[in-house]
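Worksheet: one structure, shown below.
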Amino acid sequence: MKVLVTGGLGYIGSHTVVELYNNGDEVIIIDNLSNSKEEVLDKLETIVGKKIKFYKGDLCDKELVRNIFKENKIDSVIHFAGFKCVPESVQLPLKYYRNNLDTTITLLEVMDEFNVRKIVFSSSATVYGTPEILPLTENCVVGGTTNPYGTTKYFIERIMEDLYISNNNWDITLLRYFNPVGAHKSGLIGENPNGIPNNLMPYVFKVASGELECLNITGNDYDTVDGTGVRDYIHVVDLAYGHVLALKNNKHDEVKIYNLGTGKGTSVLEIVNMFEKVNNITINKRFAPRRIGDIATCYADTKKAKEELGFETKYTLEDMCRDGYNYVLKNK
Ligand code: WQD
């Protein structure tokens with residue numbers, strides 16, 4: 001299958017490109033490099049052993065998107081491209097609504113023009129807002145989002161559901177990610193954001209490598225096993241393979257929605273202790289006040305993805321801690 005991957009040079013996008021090639025698919029990437037580097041393309045071509053067609057540009061550029069569909073017989077699309085920094089979205093909501101919605105609507109309009117109607121969308125567990133029950137199932141209430149980034153994900157889910165209602169020929173899958181961590185075993189691709197990371201594990205990696213001085217554990221008074229926040233950490237390679245399985249599922253008698261997580265909750269202290277054990281490093285850490293908007297506990301019910309996609313995670317928390325840091329060390 002020929003798959004257009006938007007944001008294909010990004011963290012999850014790049015790992016998904018590898019899994020698509022492992023599955024025998026051919027990939028075309030569009031990426032505007034707003035949160036990725038063009039050198040990732042060379043790394044991907046090294047891993048997959050093939051040249052990969054890459055269009056540097058923005059999904060808001062409708063003529064560019066039309067040209068991509070004119071020049072390539074695209075069978076399906078996986079849509080990752082979008083801004084994803086939660087604190088920035090709170091500071092700059094219009095930037096997030098403009099970008100994440102405009103890019104998506106432009107993509108869908110061009111897909112419609114070229115009668116390409118199979119799309120997998122990179123959604124997020126943030127659409128659940130503060131969980132009312134745990135583990136979270138796909139039937140849980142959505143829309144109680146607590147930041148503009150999460151709200152754009154919710155709005156895009158609604159846009160796609162309304163599109164399906166208007167034309168049942170659309171084959172739409174929404175994948176709700178929990179907390180992706182780790183990297184490809186080669187250490188050639190991974191996540192190492194510039195500056196001060198918002199997310200836990202990239203921050204831990206920077207403290208371990210000496211780039212940052214101390215990890216602030218934001219909140220140790222939650223009603224959890226040890227007072228620190230509990231999340232469902234999933235290896236990015238498992239997450240990427242979930243997209244391959246989603247593309248294989250051709251039924252489209254509804255909009256398909258799946259949680260992609262491990263089904264297990266892990267606290268901050270538990271994953272930091274695991275990181276220290278796996279990498280034989282002691283992390284300089286201190287407890288700090290809760291982050292505004294943070295929730296205590298969030299983890300997935302994974303039954304539906306297992307039953308309908310055959311999705312099962314293979315990698316462990318140890319793998320996530322080892323592989324993620326391996327990438328950082330190889331790309332210092
Ligand atoms: C995890 C835990 C923090 C940083 C984010 C995005 C969400 C989604 C998943 C894309 C929490 C604690 C964190 C730090 C800490 N991404 N923490 N010190 O908040 O679950 O969700 O990733 O869809 O959009 O918001 O992940 O890694 O930021 O936090 O103690 O320096 O680590 O309080 O308990 P989160 P996170």
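For ligands, and for the atoms within them, numbers begin at 1 and follow the listed sequence.
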Identified ring pair (Phe, Tyr, Trp, His ring centres under 6.0 Å) partner of His243 from the options Tyr177, Phe121, Tyr258: Tyr177
Below 4.0 Å from any atom of ligand 1, which residues have a heavy atom? Give them in chain and number order, please. Val86, Ser124, Thr126, Tyr149, Phe178, Asn179, Asn198, Asn199, Leu200, Tyr203, Leu215, Asn216, Ile217, Thr218, Gly229, Arg231, Tyr233, Val268, Arg291, Asp294
What do the steps show when you test Asn35 against Lys84 for side chain to side chain donor-acceptor pair (under 3.5 Å), and what is the final call? CA-CA 9 Å; Asn35 191 28; Lys84 66 171 189 176; over 6 Å; no
Testing Phe80, Tyr55, Phe54 for side-chain contact (heavy atoms from CB on, under 4.5 Å) with Ile29, which one passes? Phe54
Using the ring of each side chain (for Trp, its six-membered ring), is His15 parallel, tilted or perpendicular to His184, with breaks at 30° and 60°? tilted
Taking every non-hydrogen atom, the tightest pair across Lys56 and Leu64: O-CD2, 4.4 Å
With Arg117 as partner, the option from Asp112, Ile172, Asn168 fulfilling side-chain contact (heavy atoms from CB on, under 4.5 Å) is Asp112
